[in-house]
Every structure is written in structure tokens, then in C-alpha cells.
Amino acid sequence: YFYLFLLVLFSWSCHGLQTYQTQLLLQIRKHLEYPSQLQILDNYNGDLCNLSAMSNLTISCQDKFVTEFKIRGDKVANVSDFNGYAIPSKTLSKTFSIDSLVTTLTRLTSLKVLSLVSLGIWGPLPDKIHRLYSLEFLDLSSNFMFGSIPPQISRMVKLQTLTFDGNYFNDTIPNTLDSLSNLSVLSFRGNRLKGQFPSSICRISSLTDVAMCHNKLSGKLPDLSSLTRLRVLDVRENRLDSELPVMPQGLVTALLAKNLFSGEIPAQFGVLSRLQHLDLSFNQLSGTPPPALFDLPSISYLNLASNVLSGSLPEHLTCGSKLGFVDISNNKLVGDLPSCLDNKSDKGVVKYGGNCLSTDGQQQHQGLYCKEANTRRSGRKIAVLVAIIVVSVLLLMLLAFGILILFQRCRPRRTFETHIRQKVVQDNPTTGVSSEVLANARFISEVAKLGTQGTPICRLFSMEELEEATNNFDSSMFMGAGFTGKLYKGRLENGTYVAIRSLTLQKKYSIQNLKVRLDFLSKLHHPHLVGLLGHCIAGGVQDDSGASKVFLVYDYVPNGNYRMHLSETCPEKVLKWSDRLAILIDVAKAVHFLHTGVIPGVYNNRLKTNNILLDEHRLAKLSDYGMFIIMEENEKLEAKGESLKSRYLYLTCYLQKIPS
């Protein structure tokens with residue numbers, strides 16, 4: 001009977017999970033305003049996991065959990081004057097909420113492939129998109145999303161393909177994408193992105209395709225030689241204005257047209273043996289093109305048109321056997337046209353008009369038009385050479401002067417740093433956790449792949465900020481009290497609501513230890529943990545016992561705790577069993593992260609229904625975790641104080657009994 005009971009219970013739980021996944025898909029359909037591609041869900045009574053894939057809809061499952069969800073709509077984003085508001089018949093309605101859509105999607109915790117293309121989705125992409133931590137493929141192309149690409153997206157460490165083509169993102173690209181160590185395809189085509197090309201992209205060694213064309217990127221294109229797997233680079237139609245960088249040896253397609261690149265074409269381009277397609281047209285490149293470009297073993301398309309290339313091509317220039325298209329028109333080349341580029345050779349299409357070549361075919365300019373450019377080029381070379389010599393001498397002088405000053409300052413600074421380290425070690429009493437372990441605890445384990453790269457240290461609030469946020473800790477802002485101190489609700493100057501917990505610590509509590517532990521806790525980021533935003537160590541605020549006050553500032557979670565939703569006294573708030581199961585799964589993920597996702601693990605987390613909070617979307621978040629780390633030293637100091645007090649009372653009584 002016992003095994004039969006377990007079997008029935010397991011069957012019920014599987015059915016509950018399956019029903020929960022179906023409900024989420026129906027909610028997503030509602031958020032997307034019932035697109036025609038999802039009409040099949042209206043009358044479909046079977047298992048959605050067994051739904052046959054179609055051209056515009058794919059739903060795949062594994063162990064009854066949705067792992068793949070693809071929809072292709074018919075709302076193409078081709079509006080030139082989109083201003084961030086809903087457009088009838090183009091976008092979803094004014095009541096659409098991209099935040100609610102993303103929140104529902106994050107509940108599909110096993111989702112690996114997500115593609116929502118041409119569905120009229122509009123609005124800024126929420127930061128919470130990173131909660132889809134299992135995603136390997138994300139495509140949100142041809143929608144109406146604008147604003148910035150969330151920096152938190154760099155925490156989706158399993159991503160292999162990231163595509164936001166054809167949207168209206170108009171901010172800079174986050175420079176933290178190098179944490180996406182598995183990324184192979186990065187495509188932001190056809191947006192309004194500005195700023196510089198992020199240098200962090202050059203550190204993603206797994207990249208094979210990078211597409212940033214049709215944006216407003218400016219500045220320097222960095223050295224890409226470290227991207228050894230890169231095959232396609234497309235940065236056409238931007239405002240990049242540097243010299244051409246070194247390219248990876250395995251590059252197959254390089255599209256750099258319609259920018260402001262200057263300088264000469266690097267000779268390194270002539271040794272890219274796998275290069276098939278090179279487009280450098282409509283830039284400001286100068287000098288003579290490297291002859292080796294025309295003889296690359298795999299080159300089939302070479303476009304150097306509309307630059308200021310000058311000089312003459314070698315008479316015996318060799319062209320590769322696969323070269324089928326060459327365009328060197330509208331430059332300032334002189335001399336004879338090499339025989340391998342003569343159209344009579346039937347080698348393919350060759351365009352060379354708009355130069356000063358000595359040939360009868362295709363219209364050419366007079367010699368003076370190109371002679372001036374070549375003269376300026378020679379003069380420029382001499383000027384550059386002189387400038388290099390002068391600058392080199394000045395740099396050597398500055399370098400010598402700098403080394404002398406650095407040598408004089410280095411030794412006192414090292415002595416000071418050594419003294420500080422020794423002092424910190426001395427101020428660290430034995431607490432059961434060594435200072436070395438606490439220092440290393442700031443780094444998230446690679447096993448969890450939820451690192452804190454780029455995460456700022458714990459913010460330090462002033463006492464005035466907290467008093468203003470809580471109306472001087474008014475009773476109307478009081479939320480409750482417990483073992484860990486009083487809790488207040490607050491509103492910061494920028495409008496953000498926070499929860500502020502007041503702790504009382506012994507006066508002898510090591511401030512260095514406290515800051516290290518608070519810094520560690522502030523770096524613990526997980527979708528189901530209440531985030532620690534900062535703290536205030538108010539040394540001047542003391543109670544009657546002389547103990548110091550410490551205030552911890554957390555994210556505010558508005559929907560109460562789990563215990564409230566279990567009470568039968570409020571039937572309208574009581575949760576369904578499927579919701580309770582989802583909440584407990586969320587809490588289990590949080591506890592698993594605290595135990596195994598950080599070094600050292602965080603234990604003794606006071607797991608109670610009161611400490612499980614629910615946000616506005618009923619997502620569970622664990623609070624009061626890690627309080628043992630903070631209170632451990634305080635409890636030891638209290639115990640030590642009680643022992644000393646009892647010894648003092650005993651000694652006083654003993655002395656009173658001695659006759660004078």
C-alpha cells in the first residue's frame with residue numbers, strides 16, 4: 001500500500017507540473033494578445049508537448065517541461081519614425097506589458113530555446129530577462145523593443161545564440177558580454193545602437209558570427225585577432241572611424257563598408273587564407289591595396305570601391321582562381337590595369353572606373369586628379385615620419401621621468417599596504433571562518449555559473465538617507481520585529497521602495513569583519529533571493545547598553561510572506577496546490593544556490609514560511625538568509641560579556657564578606 005501511495009502521489013505531481021506548464025503557455029498567449037499562430041491552443045485537448053512542429057510555431061518538451069518555444073508572427077518592424085508608443089496594426093496594443101510577458105516566460109524554468117519574432121512586442125526589455133538562466137538560444141528579432149540592452153543579460157551564461165535584429169534599441173551595447181563564454185552567434189543588426197564597439201566582445205573566444213550592421217556605432221574597431229573561431233564579421237553602415245584592426249586568421253566574410261575607416265589596408269589582410277568575401281567600400285582608406293589581397297586562395301568577392309586608394313597596381317598582379325567580382329572604382333589609382341583584371345580575360349566582373357588608369361575601358365579621370373592625391377601621400381609620409389621621431393623622443397624622456405618618480409614612491413606605498421594588511425588580520429578575531437576564506441567568498445562558484453562580474457560593492461547609505469526614507473523611522477513605516485531586529489518600509493529619493501532592517505551589535509564587534517561579510521552577502525544574486533542593496537553602520541547611534549546600530553537595506557517585496565497565503569482566514573489569498581508547489585521549487589533553488597553556488601556555502605538560513613516572500617507576480621524570494629554570518633560574532637561577544645559580568649558579581653559578593 002505504501003508503494004501504491006507513492007506511485008499515485010508521483011503521478012499526481014507529474015500531472016500538476018504538466019498542467020502548470022500548460023497554464024503558463026496560455027498566459028503567454030494572453031500577453032501576446034492571442035496571435036493567430038497560437039489559435040491551435042483553443043481547441044487542443046491533448047498534451048502540448050506532443051504538438052507537431054509547424055513553420056510558425058514550435059513547442060518542445062523534455063520530461064513534461066517546456067524546453068523550446070518558437071513563434072513567428074506577421075507584424076514586421078519596418079516603421080521609420082517609431083517613437084516608443086504603440087502603433088495600431090503594427091505593434092501590440094497600448095495595454096500590452098512587456099514586463100508581465102517576461103515575468104511569465106521566466107517561470108518556464110527549463111526553457112532552452114526562445115524565439116519571439118515579428119509579434120509586435122514593444123517597450124524596453126526588462127532586466128529580469130536574465131532569470132531565463134537555462135536559455136541557450138534567444139531570438140527577439142523584428143519587434144519594437146527600444147532603450148538599452150539590459151546589462152544583466154551577461155548573466156545568462158548558457159547562451160549560445162543572442163539575436164536582437166530589427167528592433168529599436170538606441171543605447172550603448174553593454175561592455176560585460178565577455179561573461180557569455182559559450183556564445184557563438186551575436187547579432188544586433190538594424191537597431192539604433194550608439195557608442196563604441198565593446199572591447200569585451202573580443203574576449204568571447206567561442207564567437208563565430210558577429211553582426212552589428214545598420215547601427216550608429218562610432219570610434220575604434222578593436223583588435224579581433226583573439227577571436228580564433230570567428231567566421232563572419234558584419235559592421236556595415238556605422239560610423240567607425242579608426243584604422244582597420246588585425247583580423248583573425250579563420251575569417252571567411254568581412255563586411256566593413258560604409259564607415260569612416262582610414263589609413264592603409266593592413267598587409268595582414270593578405271594572409272587571411274580562408275577569406276572569401278571582403279567589402280571595404282565607401283570608407284576613407286588610402287595607400288595602395290596589398291597585391292596579396294587579389295591572390296588569396298579562397299577570395300571570390302573583393303570590393304574596395306569609393307575610397308582614396310592611390311598608387312599603381314603591380315603589372316604582373318596575380319588573381320586568385322576563385323575571384324569572380326572585383327570593384328576598385330572611384331579611387332585615385334594610376335598606371336596600367338593589370339592583365340588579370342582586364343574584362344577581356346573573362347575572369348568575371350571587374351569595375352575600375354573613376355580612377356586615373358591608362359586604359360580605354362570604363363571612364364577615367366585626368367592625371368592631375370590623382371597626381372595631387374599621390375603627392376599629398378608622399379608629403380604625408382614624410383610628415384608622419386618626422387612626427388614619429390619627435391614623439392618617440394618625448395615619450396622616452398617622459399618614461400624615464402615617470403620610472404624615477406614611481407621608484408621613489410613605490411617602496412613607501414608597499415610598506416603602508418603591508419602595515420594595513422597586518423592590521424586587518426590582527427583585528428579579525430577567531431569566528432569559525434578564516435579571513436582568507438571570507439575574502440575568497442566574494443567569488444561565485446563556476447559550477448553555478450552565476451558569477452558577480454561587474455557587480456558593484458555593497459552600497460553605503462547615510463543615516464540621513466534612511467531617516468528621510470522612513471520618515472524618521474515613523475511607526476507607520478514599521479513592518480514588524482523578530483530575532484534579527486526591527487523591520488521598516490522605506491522609499492528612497494529616486495522612488496525605489498526598500499525594506500530596512502535594524503540590527504543591534506556589540507560595541508566590540510569588528511567593523512572590518514562586518515564590512516567583509518556584508519560585501520559577501522551583497523554579491524549573492526539569484527532570482528529567488530531578496531537582494532541586499534547596501535547598509536549603514538551608525539556608530540554614533542547606540543542604545544542604552546552602548547551597542548551600535550547597523551541598518552541593512554533590502555529589495556522591497558510587496559506581496560507578503562508565504563504564511564499569509566496559507567491561512568484559511570483569508571480565502572481570497574489562499575494558494576492553489578500547483579502554486580504552492582511552484583513556490584517550494586523556487587525556494588529549493590534558492591537554498592541549493594546558497595549551499596553549493598558560493599564558496600563557502602551559506603547555511604543556517606532560518607527557513608520558515610515567514611521568511612519566504614512573494615513579489616507582485618507571486619515569485620518566491622527567500623529573505624533573512626545569511627544572518628548567521630552577521631550575528632555569529634555578535635552572539636559570541638554577548639556570551640563572553642555575560643560570563644565576565646557573572647564573575648564580577650561573584651567577586652563583589654566575596655569581598656563584601658571579608659571583615660575590615
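Position 1 is the first residue of the sequence, and the numbers go up from there.
Arg501 places no side-chain N or O within donor-acceptor distance of the main-chain N or O of Lys486, the cut-off being under 3.5 Å. With hydrogens and angles ignored, the 3.5 Å screen pairs no side-chain donor or acceptor of Asn611 with any backbone N or O of Thr609. Without hydrogens or angle criteria, Asp63 side chain to Phe65 main chain gives no donor-acceptor distance under 3.5 Å. Formation of a donor-acceptor pair under 3.5 Å by the Thr596 side chain with backbone atoms of Phe593 is not found in this model. A donor-acceptor pair under 3.5 Å links the side-chain atoms of Gln21 to the main chain of Val66, judged by distance alone. Without hydrogens or angle criteria, Asn561 side chain to Arg563 main chain gives a donor-acceptor distance under 3.5 Å. The backbone N or O of Lys112 sits nowhere less than 3.5 Å from a side-chain atom of Ser134 that would complete a donor-acceptor pair. Here the side chain of Asn167 pairs a donor or acceptor atom with the backbone of Leu140 at under 3.5 angstrom.
Rounding to the nearest 0.5 Å places NE2 of His130 at 9.0 Å from NE2 of His525. Taken from OH in Tyr20 to CD1 in Ile585, the straight-line distance is 8.0 Å, to the nearest 0.5 Å. For the atom pair CD1 (Ile201) and CG (Asn175), the distance works out to 8.0 Å, reported to the nearest 0.5 Å. Remark: Leu552 CG to Leu518 CG distance equals 6.0 Å, nearest 0.5 Å. The SG atom of Cys536 sits 11.0 Å away from the CZ atom of Arg459 when rounded to the nearest 0.5 Å. Taking OG of Ser181 as the start and CD1 of Ile204 as the end, the distance is 9.0 Å to the nearest 0.5 Å.
Remark: the Ser476 side chain and the Asp474 side chain contain an N/O donor-acceptor pair separated by less than 3.5 Å. Residues Glu33 and Ser93 have side chains that bring a donor and an acceptor to within less than 3.5 angstrom of each other. Side chains of Lys128 and Thr103: a donor on one and an acceptor on the other come within 3.5 Å. Counted by atom type alone, Thr504 and Lys549 present one or more donor-acceptor pairs between their side chains at under 3.5 Å.
Side-chain contact between Leu114 and Asp139 is absent, with no heavy-atom pair separated by less than 4.5 Å. By the 4.5 Å heavy-atom criterion applied to side chains, Ile153 and Leu162 are counted as neighbours. Taking the side chain as every heavy atom from C-beta outward, Leu619 and Ile583 never approach each other to under 4.5 Å. Residues Phe69 and Leu116 form a side-chain contact, since some pair of their non-hydrogen atoms from C-beta on lies under 4.5 Å apart. His565 places a side-chain heavy atom less than 4.5 Å from the side chain of Leu614. Inter-residue side-chain proximity for Tyr556 and Met479 is flagged as met; some heavy-atom pair is nearer than 4.5 Å. At least one side-chain heavy atom of Asn143 sits less than 4.5 Å from a side-chain heavy atom of Leu119. The shortest distance between side-chain heavy atoms of Ile59 and Leu25 falls below 4.5 Å.
Partners of Val530 by side chain to side chain contact (heavy atoms under 4.5 Å, CB included), not counting sequence neighbours, listed by chain and number: Tyr554, Asp555, Val557, Leu613, Lys621, Ser623. When the side-chain hydrogen bond (donor to acceptor under 3.5 Å, both in side chains) test is applied to Ser115, no partner is found at least two apart in sequence or on another chain. Take Asp165 and apply the salt bridge (Lys or Arg N to Asp or Glu O under 4.0 Å) test, not counting sequence neighbours, and it matches Arg189. Listed by chain and residue number, His526 satisfy the ring pair (Phe, Tyr, Trp, His ring centres under 6.0 Å) test with His528 (two or more places apart in sequence, or in another chain). In this structure, Lys589 has no salt bridge (Lys or Arg N to Asp or Glu O under 4.0 Å) partners at least two apart in sequence or on a different chain. Taking the ring pair (Phe, Tyr, Trp, His ring centres under 6.0 Å) definition, one finds that His595 meets it with Tyr603, sequence neighbours left out. Under the salt bridge (Lys or Arg N to Asp or Glu O under 4.0 Å) criterion, Asp579 pairs with Arg618, not counting sequence neighbours. Take Thr104 and apply the side chain to side chain contact (heavy atoms under 4.5 Å, CB included) test, not counting sequence neighbours, and it matches Leu24, Gln27, Ile28, His31. Looking at residues two or more places apart in sequence or on another chain, you find no salt bridge (Lys or Arg N to Asp or Glu O under 4.0 Å) involving Asp127. Under the side chain to side chain contact (heavy atoms under 4.5 Å, CB included) criterion, Ser462 pairs with Glu464, Glu465, sequence neighbours left out. Residues meeting the ring pair (Phe, Tyr, Trp, His ring centres under 6.0 Å) test with Phe169, sequence neighbours left out: Phe164. Residues meeting the side chain to side chain contact (heavy atoms under 4.5 Å, CB included) test with Ala86, sequence neighbours left out: Thr91, Lys94, Trp122.
Checked options Ile149, Leu135, Val102, Leu105; the residue passing with Ile129 is Val102 (criterion: side chain to side chain contact (heavy atoms under 4.5 Å, CB included)).
Cation-pi check for Arg491 over Tyr497 is met; the charged atom lies under 6.0 angstrom from the ring centroid and within 45 degrees of its normal.
The two residues Val591 and Leu622 come nearest to each other via the heavy atoms CG2-CD2, 4.2 Å. Here the shortest heavy-atom pairing between Pro150 and Leu125 reads CG-O, 3.3 Å. Residues Ser154 and Leu180 share a closest heavy-atom pair of O-CD2, 3.5 Å. Here the closest non-hydrogen pair linking Pro174 and Ser200 is O-OG, 4.2 Å.
With a 6.0 Å radius and a threshold of 12 heavy atoms from other residues, nucleotides or ligands, Glu616 has its CD atom above the threshold.
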Practice problem: I would like to know whether Leu524 and Tyr625 meet side-chain contact (heavy atoms from CB on, under 4.5 Å); could you show each step before the answer? | Solution: CA-CA 10 Å; Leu524 300 182; Tyr625 57 89; 4.1 Å; yes
Self-check item: Chi angles and distances behind the side-chain contact (heavy atoms from CB on, under 4.5 Å) call for Thr470, Lys489
Solution: CA-CA 7 Å; Thr470 59; Lys489 178 181 178 181; over 6 Å; no
Quiz item: Would Phe551 and Phe473 count as a ring pair (Phe, Tyr, Trp, His ring centres under 6.0 Å) if you check the C-alpha gap in whole Å, the side-chain angles of each, and the deciding distance to 0.1 Å?
Solution: CA-CA 12 Å; Phe551 299 89; Phe473 295 96; 5.3 Å; yes
Self-check item: Chi angles and distances behind the side-chain contact (heavy atoms from CB on, under 4.5 Å) call for Leu138, Thr163
Solution: CA-CA 6 Å; Leu138 176 60; Thr163 305; over 6 Å; no
Practice problem: Take Leu32 and Ile121 through the side-chain contact (heavy atoms from CB on, under 4.5 Å) test and state the conclusion after the steps. | Solution: CA-CA 8 Å; Leu32 294 175; Ile121 299 171; 4.1 Å; yes
Quiz item: Is there a side-chain hydrogen bond (donor to acceptor under 3.5 Å, both in side chains) between Thr496 and Asn494 once you walk through the steps?
Solution: CA-CA 6 Å; Thr496 303; Asn494 62 3; 3.0 Å; yes
